[in-house]
Amino acid sequence: MSLFGQSNNQDDVCIFSLKGSLDVSVQKALKDGLDKLLDPALPDLVVDLSAVTFIDSACLGTLAAFLKTVRKAGGDFKLASLCADVRSIFQITRLDTVFELHDTVHEAVASFFK
Amino acid sequence: MTTKIAFTVSDLSDVMTVFEQSYACLTQHTLKKKLPQAMVADLKMAFVEGVANAVKHAGEIKNRGAVKGVWWLSAKSIGFEIYDHGKGFALNRIKPPNPNKLSVSGRGILLLKQVGDGLVYRCGKTRNVLRFTRSLVPHPGAAGLELISEISGDILRQAPLEEIASGLLTRVAELFAVERASLLVYDESLDRLKLVAAKGIKTDKPVLLRPGEGVSGYVFQHGKSLLITDTAKSLHRTKGRRRYKGRSFLSVPLPPLPGQADGRPFGVINLTDRRDGKSFSKKDLALLGVMAGQAAIALYVRALLAQAALDEALRRDVQTVREIQLSFLPSTAPQVPGWDVAGRCEMAASAGGDYVDFIAKGYWLYVVVADVSGHNLGSAMTMANFRSQLRAVLNFESEPGQILAWLNHSLYEDLQVASHFVSCLLLRIDTQMNRVEVANAGHYPPVFFSGLPFMDEAGLVLGIEPDSLYRVMKAKLSVGDGLVLFTDGVIEAMNNEGSIFGLPRLISEVGDGKKSAQVIVDRLVKKAMAFRGNLRPPDDMTVAVIKPLA
């Protein structure tokens, strides 16, 4: 099962989705996929996490490292549509204070233009 | 009884499957009720982190081909042990990572600690053990909080007390797995504990208990919880024996609410007849105590909301009174041939005690300025009463002094009851002859435009003596002259430096008096309001001006 869903560009923001369980077994696939998605010319990204059921510390680390890379490139990486379980993991690790979490993809994209 | 299941993870990609299988195997025959979804998510999280820890830090898969361990489940807890053969580490030395550093690793142990109720890591000679425990017994505080969140909807929609109490009791009874439960609330007007919710107890008529009567009355009176492990032995003292068939009984007071000066409990909550037939424990008592605290808060919030709704109704009532009161006051200057007259009243509060009116009777024009003590709803009612009495007296009496005497006489009893008094200035103007007669009941005398006060002889304010008499003083006004009438709110308006507006300032604002009466009135009110500071509560302000034109 593929980890990454379709990606597309909207107003120069790259929108993509992840699905399934983001655990240590898919950490490498996640890292590789994210690296491929980052276009240094258009470094703003939004990920739709509505189909993600689980995330562990390994994949959290990967997402955190990716956020660091994106911000270095002058962009931002925002997360949208997290289910309650996944959102609580961001809260426990206090990563909700460094990632922007949005209720919907639309809201996340709009936040780039505020 | 504890169920145990061994597990092996030989590839990290299998970790989720191993969790699903172990969990299903462990729980399918032993658990009557499914664990909450959130708890299962936490267990999954902990398991993945525990296995990953053994793989990353001890190299279990690389060195030994698999991570091994055991799951267990008992009535009180669920958890697992994961074994590793690495160097080991000191759990308490691992600090939570700084989120801002966005580091790749270091969050596993933090997650394990956060989602469990116990995490132990022991380094042994042959192997190290990571032991994760999650309690299945609700934490007292958590149970209380859940209770609040569950019934908050009922509270916010201001459901009746009985409905909220019944919701509360149902949930408490479920949590403790009891057949019978009751909730009693103290009714101050009856001096009785009143049964507001019951489960498993049939009641045909209202249940009312005296403080001190029965177990509930005892708990209420002493404000102390009661745990009876064997009702057969203990209840003879409280005469409550016949009511309870179970052997164990738990009774806890609902703590007093803020503002309850005597510290009396809000009510009592009782539980009995555990479904498993066992006795209650001290832990149960502690848990019920916590829940009773939460229940009291919930009921208190409901009472506050009810009070807020009442306040809102009262605010609307006050607004209505204000509207009625404003309709009494002259909205436009009355048209009187040969005279220019105007009056204005600015109320400080939503309902005030000042009053100004012009009443024409033939060629006579009556001008009245009055001030009821206070400016609350009571003052407004007194003012309304004053107004209707004045109009009634004017139907049979025309002389100003007599009118005030009649008014005083008829208002005396009402004013005594309400602890109010009224200062009042009544002028009768002969609009053809330009003659003014003034009767004064303890009010500031009118002032001529020139600054001279009208020489009057003020009688007592209305409402002090039943038979006060009021003398009438007369004067003739010529064109270019006029009178200003006002209440103390104008002349005594105080700024933040402690100076009062005063008569000289009032006279200087009147100027030569050539402007229209309305302009002068508006100017005086505006100036006095601008002068007034904010150190003292504002008073009503009333001004009236009369001047002959020919």
Side-chain angles (χ1 to χ4, degrees), chain A residues 1-3 19-32 34-35 38 45 49 51-73 75-79 82-101, chain B residues 9-20 23 35-62 67 82 94-116 119 130 132 149:
Chain A
M1 191 181 78
S2 170
L3 200 60
K19 52 191 178 186
S21 167
L22 302 186
D23 59 61
V24 61
S25 64
V26 300
Q27 187 186 7
K28 190 163 183 322
L30 177 66
K31 186 181 179 308
D32 294 346
L34 288 173
D35 288 346
L38 180 61
L45 302 100
L49 294 178
V52 169
T53 53
F54 179 82
I55 184 163
D56 72 356
S57 70
C59 289
L60 275 180
T62 303
L63 290 181
F66 184 63
L67 175 65
K68 214 167 165 180
T69 312
V70 170
R71 286 196 178 157
K72 262 187 200 160
D76 206 349
F77 174 40
K78 305 188 180 191
L79 316 182
L82 291 77
C83 72
D85 287 348
V86 172
R87 187 177 272 268
S88 86
I89 295 166
F90 276 87
Q91 284 162 350
I92 291 171
T93 53
R94 291 172 54 218
L95 283 174
D96 61 334
T97 61
V98 287
F99 276 99
E100 259 188 44
L101 310 186
Chain B
V9 181
S10 44
D11 190 318
L12 259 187
S13 61
D14 293 339
V15 65
M16 294 301 244
T17 319
V18 173
F19 170 79
E20 304 292 350
Y23 178 75
L35 293 182
Q37 173 98 38
M39 193 187 280
V40 178
D42 287 350
L43 291 171
K44 188 198 283 179
M45 151 73 60
F47 184 68
V48 171
E49 295 300 338
V51 170
N53 177 64
V55 173
K56 280 186 196 165
H57 299 294
E60 283 298 287
I61 292 183
K62 205 169 119 196
V67 179
I82 292 175
I94 298 174
K95 300 268 180 297
N98 179 346
N100 291 314
K101 288 200 173 155
L102 291 173
S103 56
V104 179
S105 60
R107 293 180 190 89
I109 295 295
L110 171 68
L111 283 169
L112 271 165
K113 279 184 181 169
Q114 291 287 333
V115 300
L119 185 69
L130 178 81
F132 172 90
S149 79

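Lettering follows sequence order; numbering is per chain, from 1.
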Part of A:L63 lying under 4.5 Å from any heavy atom of chain B: neither

Interface residue of largest heavy-atom contact number with chain A, from B:V104, B:D42, B:N98, under 4.5 Å: B:V104

Mind listing the side-chain donor-acceptor pairs of residues 87-94 of chain A below 3.5 Å, one per line with the distance, residues two or more places apart or on another chain?
residue	atom	partner	partner atom	Å
A:R87	NH2	A:D103	OD1	3.3
A:S88	OG	A:D85	O	2.9
A:T93	OG1	A:I89	O	2.8
A:T93	OG1	A:F90	O	3.3

Smallest separation among heavy atoms of A:A64 and B:S103, with atom names: CB-O, 3.9 Å

Minimum-distance pair of heavy atoms, taken over all atoms of B:K101 and A:K68: O-NZ, 3.4 Å

Nearest heavy-atom neighbours spanning B:P99 and A:L95: O-CD2, 4.1 Å

Minimal non-hydrogen separation, B:M16 against A:D23, with atom names: CG-OD2, 3.0 Å

Inter-residue atom distance A:S57.OG - B:K56.NZ, 0.5 Å rounding: 5.0 Å

Sub-4.5 Å side-chain heavy-atom contact between A:V98 and B:L102: yes

Residue among B:M45, B:Q37, B:Q114 with most heavy-atom pairs under 4.5 Å to chain A: B:M45

Structural part of B:V55 lying under 4.5 Å from a heavy atom of chain A: neither

Value rounded to 0.5 Å, distance of CG in A:D56 from CZ in B:R107: 11.0 Å

